[in-house]
Amino acid sequence: MEKSTWTTKVGLAQMLKGGVIMDVVTPEQAQIAEEAGAVAVMALERVPADIRREGGVARMSDPELILRIKEAVTIPVMAKVRIGHFVEAQILEAIGIDYIDESEVLTPADDRFHIDKHQFKVPFVCGARDLGEALRRIGEGAAMIRSKGEAGTGNIVEAVRHLRDILDGIRRLQALPKEELMTAAKELGAPYELVREVAETGRLPVVLFCAGGVATPADAALVMQLGAEGVFVGSGIFKSENPQARARAIVEAVTHYRNPKILAEVSRGLGEPMRGLELEAIPAGQRLAPRGW
Amino acid sequence: MRPVIGVLALQGDFQEHLTALARLGAQGREVRLPEDFEGLSGLIIPGGESTTIGRLIERFGLREPIVAFARSGRPIWGTCAGMIVLAREVDPDTRARTQHLLGLLDIVVRRNAFGPQIESFETELEIPAIGSEPVRAVFIRAPVVAEIGPAVEPLARLPDGTVVAVRQSNLIGTAFHPELTGDDRFHAWFCRLAGEHAP
């Protein structure tokens with residue numbers, strides 16, 4: 001019997017496909033998410049919209065809060081650590097968290113290096129803006145990738161850009177002759193073996209979700225139609241007028257993402273979505289997506 | 001005519017099942033709505049989150065068609081979350097606050113029976129029903145079968161005796177994921193069962 005193999009790490013992400021992972025800050029929100037059909041919850045102290053508004057250093061949440069959320073639900077519980085903060089990751093592994101997000105939403109602890117995720121039994125998900133970044137994270141041991149988007153904005157534009165960049169990168173590699181793949185790896189800043197694998201298979205070797213800016217069922221279906229295999233929703237649910245109804249509708253939209261009649265039906269009467277931010281309104285220094293090396 | 005195998009595509013690793021079916025030359029179909037059941041010879045309920053899949057079965061009116069499918073004698077196979085959804089009962093300690101079950105398989109399951117994700121594992125498993133060579137079995141936050149009814153036959157056990165695969169006439173449940181290993185013998189066996197019901 002072998003525990004925590006690569007197959008079991010990637011496998012849990014495969015079980016989450018076609019599903020919605022929701023940010024929650026209390027056990028009550030976690031239960032609302034579970035009842036609405038979330039496949040997992042991300043336990044944290046503040047959703048990205050509040051981190052953005054309040055400023056300061058954003059760190060791993062108090063393990064006490066994460067454990068209370070874990071006790072409140074039966075679905076997998078994820079939690080975030082700062083980029084490069086392997087001790088926060090050791091702590092989350094010790095309390096039996098199911099998946100760790102090494103996340104740009106928190107303030108990075110290391111401005112040059114990410115965590116060596118192969119050293120952990122618990123699987124990691126990491127954000128990426130393009131194929132090179134995705135393959136660097138997988139090279140370090142990430143068993144799941146999410147396109148970054150711009151968290152806490154309720155604005156889907158960056159999520160669409162990052163998802164398209166990752167998928168365009170894959171399609172480009174597929175079109176290249178073999179002798180060009182080494183130079184492509186150099187230009188992407190990605191491990192050659194992974195570049196070759198992606199060129200052959202036409203897909204990432206791990207599951208690809210979309211994150212950062214999903215606020216409506218239509219947003220979720222948009223990124224699914226573009227090629228995401230599932231969706232993270234951060235501030236979009238519990239910063240809206242009617243979280244229960246919106247959570248259910250986004251879950252249903254991810255299942256029926258190619259069925260406009262059902263999308264129309266689930267989108268009706270959900271109340272106000274989160275307010276949202278224009279990207280131009282965010283000073284360059286306060287953008288989260290560029291964090292990651 | 002080649003039998004068509006439906007794979008419930010509400011949430012989870014339905015694509016992995018469809019890929020396994022395609023490798024065998026079988027015809028698979030994504031099933032999301034009641035009209036998708038037309039002409040199916042077998043149905044697979046994939047791995048995923050049982051709370052999510054159970055809720056979506058109710059929401060989109062799939063309970064009736066699945067129950068009718070089971071009554072017709074055509075085979076249904078649930079892997080992991082799929083087995084939970086088919087079950088009669090979930091052990092109260094591991095049941096979600098709202099846990100929709102189809103109640104077709106006369107078993108009590110214990111969800112997430114091995115602990116958090118770091119306890120997920122792979123092992124070799126003897127499954128005499130599908131052949132003498134053991135299969136590689138992948139258990140991910142997996143359930144186990146805690147109790148079985150009189151009509152239920154255990155198909156596989158862990159070394160400590162825990163039941164992890166069952167059959168009750170045309171209904172099959174596995175706590176593990178043959179769709180993740182590239183070993184398609186379980187799918188081939190299921191296709192043969194479904195083939196007996198091809199139109």
Is any side-chain N of the basic residue among Glu34(A) and Arg97(B) closer than 4.0 Å to the acidic one's carboxylate O?
-> no

Side chains of Arg59(B) and Arg248(A): closer than 4.5 Å at any heavy-atom pair?
-> no

Beyond-backbone contact of Met15(A) with Leu180(B), side-chain heavy atoms, under 4.5 angstrom = yes

How about residues 154-175 of chain B versus chain A: which residues have heavy atoms under 4.5 Å apart?
-> none

For atom CD of Glu2(A), is the number of surrounding heavy atoms from other residues, nucleotides or ligands below 6.0 Å larger than 12?
-> yes

Should we count CZ of Arg74(B) as having more than 12 external heavy atoms under 6.0 Å?
-> yes

Examine distances only and state if a side-chain atom of Glu122(B) and a backbone atom of Met1(A) form a donor-acceptor pair shorter than 3.5 Å.
-> no

Can you say whether Leu56(B) sits under 4.5 Å from chain A via the side chain, the backbone, both, or neither, judging by heavy atoms?
-> side chain

Report yes if the side chains of Thr8(A) and Phe139(B) come closer than 4.5 Å at any heavy-atom pair, otherwise no.
-> no

If you look at every heavy atom in Ile140(B) and Thr7(A), which pair is closest and at what distance?
-> CD1-O, 4.4 Å

Do Thr74(A) and Arg95(B) come within less than 4.5 Å of each other through their side chains, counting heavy atoms only?
-> no

Go through the atoms of Ser50(B) and report whether side chain, backbone, both or neither lie under 4.5 Å from a heavy atom of chain A.
-> neither

Any ion pair linking Arg141(B) and Asp98(A) (charged N to carboxylate O, less than 4.0 Å)?
-> yes

Under 4.5 Å to a heavy atom of chain A? For Ala81(B) that would be neither

Where does Gln15(B) contact chain A at under 4.5 Å (heavy atoms): side chain, backbone, both or neither?
-> side chain

Above 12 or not: heavy atoms from other molecules or residues under 6.0 Å from CZ of Arg71(B)?
-> no

If we only count heavy atoms from C-beta on, is the Thr51(B) to Ile75(A) side-chain gap below 4.5 Å?
-> yes

If you measure from the Lys or Arg side-chain nitrogens to the Asp or Glu carboxylate oxygens, is any gap between Arg55(B) and Glu35(A) under 4.0 Å?
-> no

Kindly check if the number of other-residue, nucleotide or ligand heavy atoms within 6.0 Å of CZ (Phe86(A)) is above 12?
-> no

Evaluate the side-chain proximity of Glu252(A) to Phe60(B): yes if any heavy-atom separation is below 4.5 Å, no if none is.
-> yes

Got Gln117(B) and Pro76(A) here, is their nearest side-chain heavy-atom distance under 4.5 Å?
-> no

Ala38(A) versus chain B, the contacting section by heavy-atom distance below 4.5 Å = backbone

Residue by residue, which of residues 26-36 of chain B have a heavy atom closer than 4.5 Å to a heavy atom belonging to chain A?
-> Glu30(B), Arg32(B), Leu33(B)

Crowding at CD, Gln225(A) (>12 non-hydrogen neighbours, <6.0 Å) = yes

So Glu179(B) and Gln14(A), side chain to side chain contact (heavy atoms under 4.5 Å, CB included) or not? Walk me through it.
-> CA-CA 11 Å; Glu179(B) 73 277 15; Gln14(A) 287 173 286; over 6 Å; no

Locate the shortest heavy-atom distance separating Pro116(B) from Gly96(A); write the atom from each residue and the value.
-> CB-O, 3.3 Å

Glu119(B) vs Ser4(A) side-chain heavy atoms within contact, under 4.5 Å | no

Specify which of Gly11(A), Gly19(A), Gly37(A) makes the most heavy-atom pairs with chain B at under 4.5 Å.
-> Gly37(A)

